[in-house]
Amino acid sequence: MKKFGKRLIGMTLASVMTFGLATGCTSGGNGNNGSNDAGGNTQTATEDKGASGDIQVGIVLPTKDEPRWLQDQKQFETILGDAGFTNQVLFSQGSSATEKTNVETLISKGIDVLIICAQDGAAASAAVEEAKEAGVTVIAYDRLITGTDAVDYYVTFDSFAVGEAQGQYLIDNAPAGSGIPLYLYAGASTDNNAFIFFEGAWSVLQPKVADGTFTIANSSEAEALKDSADLSREQVGKIIGQVTTDWDFNVAKSKAEANLTAVGADMKGDVLVLAPNDGTARSIADVFASDKDVTSYVVTGQDSEKASVQYIIDGKQSMTVFKDTRTLAADSVAMAVDILGGKTPATDTTYNNEKIDVPAKQTSIVVVTQDNVMQALIESGYYDASEFTGLQ
Ligand code: BGC
């Protein structure tokens, strides 16, 4: 199975602390001493380099409205603050125009490194080209920026493995028999990751659809392609066009409602649901739970958002994929440390962004269910047990 834009080339990278110590980066960071500006953005300044408040590392994240990105914000502020860097985190709030303004704001504050998670992977090219022209090194964070050579590095989770784990979970937890209804949902088509997640899931689900074990309930495009193990990007795009949630809880809810209204009784009973992430999984799960003709559902997710961890403990969501934002933020900061110290950051793979092969650092993922929630998320120190009820 072809992985979109991805080619493996080997492996190695030390931890961020090693890099931070080795380069002896700037002085006196004392952790997260951030303050909120008028726009609700957070600035952590460990060293004030001038009246305009020079910033070394600028971070742009897609939205505050999804808990996923607040996890990343927290990690950046802690790690960059501890490493002694002046930094600022700005949110694009779902708008590519705001994202571009945010990048321009950070350029005007003198950043040397931009870490950016694009709202729209193609639209963000204009913003990063501006940054490059200003001499800034650009690190695409979690989402690849496409169609431009103005991306220096990419730091990401193994997104193909995320989709694969979701699909495999559905297979491993499917009821016995054949013709089991399978509902497919995907992320936003403006996000390259949505393609990779779907492709990962398709790589394991497709044989089960082709041999009649599962029946796709809500996508004529996917149904028409059920015998194709390898899909082109255009074909995946067609499926996503039908089953996208736009990464939006409300879109996910209304799409699930419309799907359940449209199908007959044969597509209810015990069902499987590929939900692309936790926010959409909770919305979709609520819709399936309230349909009297759905006897049971297995539903996937990703991000280990607190609300979904509680849903898993309560038996309302089946699994999530833990993407440890501590590692991703640390990897990005390690890169920034190298760049600011004049060194070339270590990478272990490349992703093609339709223009160039972007050197990338990729990190692995962990499947979380009721069985290992304690070990994966509490004992690892990611969350505190007191944040949940009913934990065993
Ligand atoms: C991220 C996911 C996130 C989704 C919606 C994706 O690009 O990889 O972790 O749930 O965007 O924000």
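One-based numbering, in listed order, for ligands and for the atoms of each. These numbers were taken from a predicted model, which means no experiment stands behind them.
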- Task: Please name all residues satisfying side-chain hydrogen bond (donor to acceptor under 3.5 Å, both in side chains) with E379, sequence neighbours left out, ordered by chain then number.
- Result: none
- Item | ring pair (Phe, Tyr, Trp, His ring centres under 6.0 Å): pairs with one or both residues in residues 238-289, sequence neighbours excluded | Y183-F288
- Query: Taking any residue with a non-hydrogen atom under 4.0 angstrom from an atom of ligand 1, which ones do you get?
  - Reply: E66, R68, W69, D142, R143, D191, N193, F197, W247, N277, Q302, D303, K323
- With sequence neighbours excluded, tell me which residues meet side-chain contact (heavy atoms from CB on, under 4.5 Å) with A201. L205, L274
- Is a side-chain donor or acceptor of Q93 paired with a backbone partner of K64 at a separation under 3.5 angstrom? yes
- Query: Do the two ring centres, one from F76 and one from Y141, sit under 6.0 Å apart?
  - Reply: yes
- Item | Rounded distance (nearest 0.5 Å) linking atom CD1 of I59 with atom CD of Q75 | 12.0 Å
